[in-house]
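One is the number of the first residue; the rest follow in order along the sequence. Basis for what follows: all heavy atoms, side chains included, without hydrogens, waters or symmetry-related copies.
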Amino acid sequence: MTLMALRTRTRDRWTPLEGELLGFRGMQAYGRRFARSGRGAWYHFAIEVVWQLLVLTSRFRVRGARNIPASGGVVVASNHLSFADPTTLTAFCLGAGRVPRYLAKASLWKAPAIGAVMRSGKHIPVHRGAATASGAYRDAVAAVRGGECVAIFPEGTFSSDLAGWPMKAKTGAARIALETGVPVIPVANWGTHRLLPAGSWLPRGVPRRTVELVAGPPVDLADLSGRELTRDVLEEATARIMAAVTELLAGIRGERPPG
């Protein structure tokens with residue numbers, strides 16, 4: 001079957017079929033449909049450079065992108081396996097029509113090159129050492145209330161599980177969602193640990209690595225909405241978010257996590 005035969009139309013733009021493995025031409029076509037408005041000059045430049053590297057070193061299989069709302073505030077929560085994860089998750093969000101904003105330590109804004117990308121991309125500094133937990137995430141709360149797509153790796157670091165399953169997460173994503181009422185979209189990201197293993201500086205793109213990304217429906221937090229954000233409430237919401245991510249990852253891998 002030819003690439004032309006596999007094309008469908010969404011808002012008059014090429015989009016892959018669910019589960020289609022994108023080769024070189026498919027990756028190029030996928031990149032042409034990325035959201036561009038609101039990137040900012042330096043973020044735009046970084047996206048274009050890194051995407052061309054991904055086109056050469058990886059093949060994507062994407063599913064569930066329609067679960068990411070086309071507009072309005074949203075939190076996208078993904079598992080974390082590699083330094084490549086922000087690049088693949090960014091591409092997935094862009095392919096869904098959204099420009100993701102990331103949380104990162106505030107000190108990065110002072111770095112010459114990285115700081116320019118962070119400011120240009122309207123990324124969100126985490127104010128570590130803030131007087132309250134909510135204060136550390138105040139800019140993220142403001143961003144989603146302003147209609148932004150905020151992407152978060154709730155684990156905060158690479159999974160330490162030897163088989164790559166998600167580990168216990170921090171409560172930041174849950175706090176932002178419950179404080180604002182925006183949906184949380186779970187995403188499973190698999191294959192980046194082979195593309196750029198922990199400790200590596202260069203991608204291992206020969207042969208090209210398959211990266212799979214799947215988004216699920218919003219995590220149901222309705223019964224927790226409006227309640228005081230106690231530790232128990234935040235941990236329950238976080239557990240639901242990570243359970244949804246794990247379920248998506250199990251579907252990709254075709255196996256269940258131990259226990």
Side-chain angles (χ1 to χ4, degrees), residues 38 64 67-69 71-81 85-86 89-90 92-93 96 98-109 118-119 121-161 165-189 213-249:
N67 286 310
I68 299 177
S71 61
V74 62
V75 172
V76 174
S78 173
N79 63 312
H80 201 8
L81 294 168
D85 294 337
L89 184 61
T90 295
F92 186 57
C93 291
R98 301 302 301 267
V99 178
R101 317 298 182 185
Y102 286 90
L103 275 68
K105 57 186 179 181
S107 60
L108 290 178
W109 272 252
M118 303 307 283
R119 288 187 293 273
K122 299 180 183 178
H123 298 298
I124 303 159
V126 175
H127 303 280
R128 293 177 179 174
T132 64
S134 60
Y137 294 97
R138 65 177 185 266
D139 292 338
V141 168
V144 295
R145 282 180 172 158
E148 296 285 4
C149 171
V150 174
I152 299 177
F153 298 103
E155 294 162 279
T157 187
F158 304 155
S159 173
S160 59
D161 183 86
W165 294 105
M167 60 184 183
K168 183 177 175 63
K170 302 181 186 300
T171 60
R175 178 178 292 277
I176 295 164
L178 290 175
E179 189 166 337
T180 60
V182 302
V184 180
I185 306 300
V187 172
N189 190 4
L213 296 118
V214 182
V219 179
D220 185 4
L221 303 176
D223 60 312
L224 302 177
S225 180
R227 294 173 57 179
E228 182 183 356
L229 299 184
T230 63
R231 172 59 58 177
D232 287 346
V233 167
L234 290 171
E235 289 188 349
E236 172 61 25
T238 301
R240 293 184 194 180
I241 292 167
M242 296 312 295
V245 172
T246 302
E247 184 69 22
L248 293 171
L249 185 57

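L248 places none of its side-chain heavy atoms less than 4.5 Å from the side chain of V187. A 4.5 Å side-chain heavy-atom check between F153 and L89 finds at least one atom pair inside the cut-off. The shortest distance between side-chain heavy atoms of M118 and Y102 does not fall below 4.5 Å. Taking the side chain as every heavy atom from C-beta outward, V75 and I241 never approach each other to under 4.5 Å. For the pair D161 and M167, the minimum side-chain heavy-atom distance is 4.5 Å or more. Contact annotation: the side chain of I185 approaches that of P218 to within less than 4.5 Å [non-hydrogen atoms, C-beta and beyond]. Side-chain contact between L103 and I176 is present, with at least one heavy-atom pair separated by less than 4.5 Å.
Here the closest non-hydrogen pair linking F92 and A215 is CE2-CB, 3.7 Å. For the pair D220 and A222, the tightest heavy-atom approach, listed with the atom from each and the gap, is OD1-N, 3.1 Å. The two atoms that bring C149 and R98 nearest to each other are N-NH2, 3.5 Å, heavy atoms only. Contact record, A140 with I124: N-CG2, 3.4 Å, taken as the closest heavy-atom pair. In this structure, V182 and G73 approach most closely via the heavy-atom pair CB-O, 3.5 Å. Shortest non-hydrogen contact noted between Y137 and R175 is CD1-CD, 4.2 Å.
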When the side chains of residues 224-232 are checked against the rest of the protein, which donor-acceptor pairs come out under 3.5 Å, sequence neighbours left out?
from : atom 1 : to   : atom 2 : distance (Å)
T230 : OG1    : V233 : N      : 3.3

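Residue T246 holds its OG1 atom at 7.5 Å from CH2 of W165, rounded to the nearest 0.5 Å. Atoms CG and NZ, on D139 and K122 in that order, are 13.5 Å from each other to the nearest 0.5 Å. Annotation: the span from L81 atom CG to T157 atom OG1 amounts to 10.5 Å, rounded to 0.5 Å. Remark: E236 CD to L178 CG distance equals 10.5 Å, nearest 0.5 Å.
For H80, the side chain to side chain donor-acceptor pair (under 3.5 Å) partners at least two apart in sequence or on another chain are D85. Annotation: side-chain contact (heavy atoms from CB on, under 4.5 Å) contacts of V245 (sequence neighbours excluded): N79, P166, P186. Not counting sequence neighbours, the partners of E247 by the side chain to side chain donor-acceptor pair (under 3.5 Å) test are R256. Residues passing the side chain to side chain donor-acceptor pair (under 3.5 Å) test with T238: none are found, sequence neighbours excluded.
The salt bridge (Lys or Arg N to Asp or Glu O under 4.0 Å) analysis of residues 144-160, with sequence neighbours excluded, yields the pairs R101-E148.
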